[in-house]
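The structure appears below as structure tokens.
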Amino acid sequence: MQAKARAHSNIALIKYWGKRDVRLNIPAVGSISMTLSALWTETEVIFDERLSKDELILDNRRGNVKESKRISAFLDILRQKSGVPLKAKVISINNFPTAAGLASSASGFAALTLAAAKALKLNLSERELSILARRGSGSAARSLFGGFVEMFAGTEPDGSDSFAQPIAAQDHWDVRLLIGITSFRPKKVGSTEGMTRSKKTSPYYQAWIQSQPEDLKEMRQAILQKDFQKVGELTEHSCLKMHALALSSKPGILYWNAITVDAMHAIRELRHSGIQAYFTVDAGPQIKVLCLAEDEVRVRDMLRSINGIERTIVNKLGPAAQILEFDE
Ligand code: PMV
């Protein structure tokens, strides 16, 4: 009973921040993302009766206690669903730095969901898989699909209507998402902790929840109409709004470093010179720039010219997650 899957990471253009239910990991708002071509996780899951506990190998090292607990708790959901009580060995490799704000949990849990469900021979629909992946990480529910993807917050208490589905396929539009790595250090405040704090303490939380449906609607339309300026403006707006929520929490959460802010200014300057480039930043200091294919080189050169950017990664729209190997 073993299978191997690959899932690509994704970056939210309309961000999710805040949970409706922490235990079931149901987001308080919907989100829209693009799947990334250059960043992925490959995960192999082997259920084995000889194992007395789950084993995790992450990027060629043994998983630490926190990581192992999170994986075991997630596998428990699948064990319960399948009625197969066996422990598993999980071997996972990222082709990018883990926990540096590059959404390794998104691709990681999407790959794990697909591989584990296949190994256990669970015959699940895409929606069911997405709901399962969400239990591991909210953004993972989106990483099962390629292209542009929307995640629904839903209203059901059990989370049965909180899943992701594609808006437009990988070949819909030749856009680029460039990532500038400003630091390889893991983030200080994890997304779950940050979201809980914002919900409890930010005076802007209600406004965030109330204004999200309009952003989602406009983004959906702009993507389908290929209105790049609109997509870019909404992307920057959602990013700054999410960080305003983090910043206005108590104590305030500041994910940016000085290089992140330098890059934001540089991107806006480039825009004033006529290049359509827009930034977004997640729960970490890395800078991400959305642009059209024809501007990729200009944007990459600009990022490389910023002092402190250690590496740039260029993405196109990425594909859906897929099974690589399956062995009964
Ligand atoms: O689901 P998580 O824990 O990966 O949280 C995602 C949070 C953001 O990346 C900041 C926003 C998003 O929608 O991906």
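One-based numbering, in listed order, for ligands and for the atoms of each.
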* Trace of the side-chain contact (heavy atoms from CB on, under 4.5 Å) decision for Val175 with Cys291 -> CA-CA 6 Å; Val175 296; Cys291 68; over 6 Å; no
* Asked: Which of the atoms of ligand 1 are close to Asp282, meaning less than 4.0 Å from one of its heavy atoms?
  -> 8 (C), 9 (O), 10 (C), 11 (C)
* Structure fact -> Here the atoms of ligand 1 under 4.0 Å from any heavy atom belonging to Ser105 are 4 (O)
* Asked: Any donor-acceptor pair under 3.5 Å linking the side chain of Gln170 with the backbone of Leu317?
  -> yes
* Structure fact -> If we number the atoms of ligand 1 from 1 as shown, the ones under 4.0 Å from a heavy atom of Met242 are 10 (C)
* To do: Measure up the Phe148 and Trp173 rings against each other and bin them: parallel (under 30°), tilted (30 to 60°), perpendicular (over 60°).
  => tilted
* Atoms of ligand 1, numbered as shown, that sit under 4.0 Å from any heavy atom of Ser191 -> 2 (P), 3 (O), 5 (O)
* Asked: Hey, is Arg142 one of the residues with a heavy atom under 4.0 angstrom from ligand 1?
  -> yes
* Which one of Ala246, Gly18, Ser139 has a non-hydrogen atom at the shortest distance from atom 2 (P) of ligand 1? -> Ser139
* To do: Inspect the contact between Glu67 and Arg62 and indicate whether a charged nitrogen and a carboxylate oxygen are less than 4.0 angstrom apart.
  => no
* Asked: Any Lys/Arg nitrogen of Arg23 or Asp21 sitting under 4.0 Å from an Asp/Glu carboxylate oxygen of the other?
  -> no
* Structure fact -> One finds that the ligand 1 atoms under 4.0 Å from a non-hydrogen atom of Ala12 are 12 (C), 13 (O), 14 (O)
* To do: I would like to know whether Lys87 and Ser52 meet side-chain contact (heavy atoms from CB on, under 4.5 Å); could you show each step before the answer?
  => CA-CA 7 Å; Lys87 301 293 182 197; Ser52 59; 5.9 Å; no
* Could you name the option among Trp17, Tyr255, Tyr16 that has the heavy atom nearest to atom 13 (O) of ligand 1? => Tyr16
* Relative to the heavy atoms of Gly138, which atoms of ligand 1 are at a distance of less than 4.0 Å? -> 1 (O)
* **From Leu120 atom CG to Met1 atom CE, the distance as rounded to the nearest 0.5 Å** => 5.0 Å
